[in-house]
Participant: 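One structure, pasted below without further comment.
Being a predicted model, the structure only gives us computed values, none of them experimental. Here is how names work: the chains are called A, B, and so on, in the same order as the sequence lines, proteins then strands, and each is numbered from 1.
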Amino acid sequence: MAEKNFKRYTVTAALPYANGPLHIGHLAGVYVPSDIYVRYLRAVGKDVAFIGGSDEHGVAITLKARKEGKTPQQIIDHYHEMIKNSFESFGISFDIYSRTSSPQHHQTAADYFKKLYEKGAFEAHVSEQFYDNKEHQFLADRYIKGTCPTCSFDGAYGDQCENCGSTLSPTELINPKSMLSGEVPIMKETKHWYFPLDRYEDFLKQYILEDHKEWKTNVSGQCKSWIDGGLKPRPMTRDLDWGIKVPVKGAEGKVLYVWFDAPIGYISATQEWAQATGKNWEDYWKKEDTKLVHFIGKDNIVFHCIIFPSILKAEGSYILPDNVPANEFLNLEGNKISTSRNWAVWLHEYLIEFPEQQDVLRYVLTANAPETKDNDFTWKDFQIRNNSELVAIYGNFINRAVVLTHKFFGGKVPDITSYEQVDLDALANLEIFPQRIAHSLDQFKFREALGYLMDLARLGNKYLAETEPWKLIKTTPERVGTIMNVSLQIAASLGVLSRPFLPFTYEKLNQMINMDHLNWTDAGKPSNLQGGTSIGEGRLLFEKVEDDVIEKQIQKLMNTKKDNSIEEQLIAPSKPMISYEDFSKMDLRVGQVLTAEPVLKSNKLLKFTVDTGIDKRTIVSGIAKHFTPEEMIGKKVMVLVNLAPRMIMGIESQGMLLFAENKEGSLKAVVPDAAASNGAGIS
RNA sequence: GGCGAGGUAGCUCAGUUGGUUAGAGCACCGGAUUCAUAACCCGGAGGUCAGGGGUUCAACUCCCCUCCUCGCUACCA
C-alpha cells in the first residue's frame, strides 16, 4: 500500500510487440508516464530498475514474416532496432531495453515453466486441432484460410473474416485450406498445458479487490469483471515453431504461449541488467520491500493483473505487482489509432518532421494523457499547448529571467540585499512545489503533476509582473538584484522539477543555469544559486509552431483517409467460376416480411416471419444494426429458401434473407419489385 | 444482451465521507503593461453537472430508469 516504505522499485513498461513501429499512442499510454515516474524516483534518490524490451514471439510475427517473404528473425531485428531507437530519441530512460529472443530470456522463461511444471501447477489436456499433413504442423487459427460462412468472402482467416469482420472459429470456415501448403488440413489431437486460473480465484479476489483498493477504477473494475465472469484454465503452450521451446518431454514442436513468456521478459531483462551492473536481480523481484509497478495500456490489464500475478504466485518466491497503472487509449483526430490503416503519428516520422522537439510531444501527451478515459490527440491542440503553454508561460518566464539578468547584471546571479514581503510570498509559494508535484506523481496523476509544474512557471511570471524590475532599474537599482535573484531561484527549481517531464529542456536550461548539483528536495529552496555565479547566454527553450506546419500534418492525415477510402471502395474480385448446375441448387424466392422483432439478449439479430409463397417461416438475420423491425414489416425480400436450418440463440432459422453489403460493412436492402408475387422463383 | 469504464463551461479535466453563489488550465472578450517568441499580469463572460424519476432540510455527489461513447463478451447462415 501507499504508506509502505519501499527500499527499491522495479518499474516495467509493457513490452512493445516487434511487428511494427511505435506511434504516439504507445508513448502516451505507457512510455512517457513510466519514464516520468522513474526519472522522478531517481531524482528523489530511490533505487530503481526501469525495465523494457521487445516482445518478439507469437504467431503474428511469423505471419508478418511470411507475408513479407522474410524470416521472423529479420522482422524482429528490424523492428527491435527501430523501436529501441525511438525510445532513445524520446529519452525513455530504460536501465535496460532487452528482447525476448535473447538467450537469457529463453533460459529464464523455460526454467520458469519447468519449475511450475514440476510443482504440478499445470493441467495437461488433449484437444483436436487443424493439422497440415504436408508441412507436418499444427495450424494456428490465423494459418487457416477459407470461405467466410457469413459473407462468403474467400480469404477469411480462421479467427476472423477481414471482409465482414465476423469473429470465427476455424471449424466454421467453408473449404478450409492451410496457408502453409494450401492443402486441406485434417483434425488431429494435440496436447497442451493449461494454467488453471480458476484455482486462483480466491487469491485474486483478495489480492486485487481487498489488498489493492488504491488501484485505478478502470483497472480494478476490469479485473472484477473478469473474476466475476468465472476464470477458466488457459493453455500456456502452442503448436508453433517460433518461440521458446516447451522444456518438458512430449512437447516437441511446441512453444510457450507468448503471453506466458512476455511478462517473464521483465524478469530476464532485470537479470541481464543486474549482471551488467553487478546487482542482485532477486532483490528486485523477491524482496518484500521492493515495489513492483507495471505500466501498461488497458488492453493488457487481464494479463498483468490476473494471469501474471497468478503465475508469480504459483512459483511462490516472487513479489506481486504493487500497482498496475493502466492507461486508456489515445485517439487521433477523432479516430482510433490504427497501424494497418496508417492512422497514426509515427514516432520515427515525428523525429524528422519536428527535430529537437521531443519534449513538446512528451508535454502534450502528458497534459492530455488518457489517464481516466480515452482521449483525443489533435494537431490543433498540439499547437495550442506548445504556443500558449510551453512557449508563452514556461519558455517566456525563463527567457525573461535570463535576459534581464544579462541586461542588468552582466549575466551574473546578483546577491540579495534584503527581502520584501512580495519576495517572501513568492519564496513561500515556491517551497510547496516539490512536495505537491511529488504527491501527484506518487499517485500516478501525471497530468495533475504537470499542471502544478506549469503553475510554478506562472508563479515566476506573476512575480516579475508584480515587481517590475525593468522599471525599478531606473529608480531603485539596488532592489533589482534581489528580484532577479529570486526569479533565478524560481527558474532553477522549475528546471529541477521539470526534469522527469521534459528531460531535453532540462539539459538546455542547465546550459544557462547550472543545476546539476541540485536534486528534487533542493528544489523549492531560496538559495540554490549562489550570488556571483555566471549564467549562460539566453536561448529559447521552445519555438512557436506555425499554422502551416500544423496544416501540413492535418493534410497528411487527410491523405491517409483518402487512401483508405479508395481502398475501401475497391470491389471484391469475382469468385471462381461455377456451373449452372451449382447455381440451380439454390432456391431463391421472392418473399414478404410479415412480422419482425428483435431477438432477446441480442443486439444484432432480428427475428422475422416471412411469407415465402411456399409457407410462412421463421428466419433470423443479423441486421439489427442496419434496419429497424418497423421498417422491415411488409417489405418484399429475396429469400434463399433451401438453406439448411440452423439454431441461432435458441431460435431455428429456416432460410436466409439477402442483402447488399457495402465495403465498409453497411447493409442495403435488395428489394424485388412490388409486383413480384410471393414465392416467385428468382433465376 | 451481459459486465466494466466514462458522459461536469467551446476544448481538456478537478470536484474529497451529500452542505453555503459548481472549480482549474487553454480558447474567447475587456483592461493594464512592454523585460519577454503580439508572450506575461489583472478582470470578465461562459455550465438546468447527459436526460427523467426517487431518497433527503440539502445531491454533480446516494438509489432506480433511459440515452450516448469506449472496452471485454455473446449472437451475425
Participant: For atom P, what is the distance between B/rU55 and B/rC64, given to the nearest Å?
Facilitator: 15 Å

Participant: With a 4.0 Å cut-off on heavy atoms, is A/Gly655 in touch with a base, just the backbone sugar-phosphate, or nothing at all?
Facilitator: sugar-phosphate

Participant: Taking the side chain of A/Asn368 as its heavy atoms from C-beta onward, which of B/rG6, B/rC70, B/rU12 lies nearest to it?
Facilitator: B/rU12

Participant: Which nucleotide in the set B/rG4, B/rA27, B/rA39 lies at the smallest distance from any side-chain heavy atom of A/Ile384?
Facilitator: B/rA27

Participant: Donor-acceptor check, side chain of A/Arg479 to backbone of A/Thr467, threshold 3.5 angstrom: yes or no?
Facilitator: no

Participant: Return whichever of A/Lys471 or A/Phe329 has its heavy-atom-nearest nucleotide of RNA chain B closer to the 5' end.
Facilitator: A/Lys471

Participant: Just call it for A/Phe397: base, sugar-phosphate, or nothing, with non-hydrogen atoms closer than 4.0 Å on any strand.
Facilitator: nothing

Participant: For A/Leu643 and A/Gly221, take the nucleotide of RNA chain B holding the closest heavy atom to each; which residue's nucleotide lies nearer the 5' end?
Facilitator: A/Gly221

Participant: Just to be sure I understand: a Watson-Crick pair is purine N1 to pyrimidine N3 plus N6-O4 or O6-N4, both under 3.5 Å. Using that and G-U wobbles, which stems of three or more pairs involve RNA chain B?
Facilitator: B:1-7 with B:67-73, B:10-13 with B:23-26, B:28-31 with B:41-44, B:50-54 with B:62-66

Participant: Using only side-chain N and O atoms of A/Lys407, determine if any of them is under 4.0 Å from OP1 or OP2 of B/rA36.
Facilitator: yes

Participant: Is the backbone of A/Leu231 close enough, under 3.5 Å, to the side chain of A/Trp226 for a donor and an acceptor to pair up by distance?
Facilitator: no

Participant: Could you tell me if the ring centre of A/Phe354 sits under 6.0 Å from that of A/Phe382?
Facilitator: yes

Participant: Quick check for you: among B/rC35, B/rA5, B/rU37, whose closest atom lies nearest to any side-chain atom of A/Val391?
Facilitator: B/rU37

Participant: What interatomic distance, in whole Å, is found between P of B/rC40 and the corresponding atom of B/rG1?
Facilitator: 49 Å

Participant: Would you give a per-nucleotide map of nucleotides 40-45 of chain B, 5' to 3', where B means the base has a protein non-hydrogen atom under 4.0 Å away, S means only the sugar-phosphate does, and - means neither?
Facilitator: BSS---

Participant: With a 4.0 Å limit, can you tell me whether A/Thr372 has a side-chain N or O closer than that to the phosphate oxygens OP1/OP2 of B/rA14?
Facilitator: yes

Participant: Identify whether any heavy atom of A/Val302 sits under 4.0 Å from a base atom; if not, whether one sits that close to sugar-phosphate; answer base, sugar-phosphate or nothing.
Facilitator: nothing

Participant: Please pick, from B/rC70, B/rA36, B/rU12, the nucleotide with the shortest atom-to-atom distance to any side-chain atom of A/Arg447.
Facilitator: B/rU12

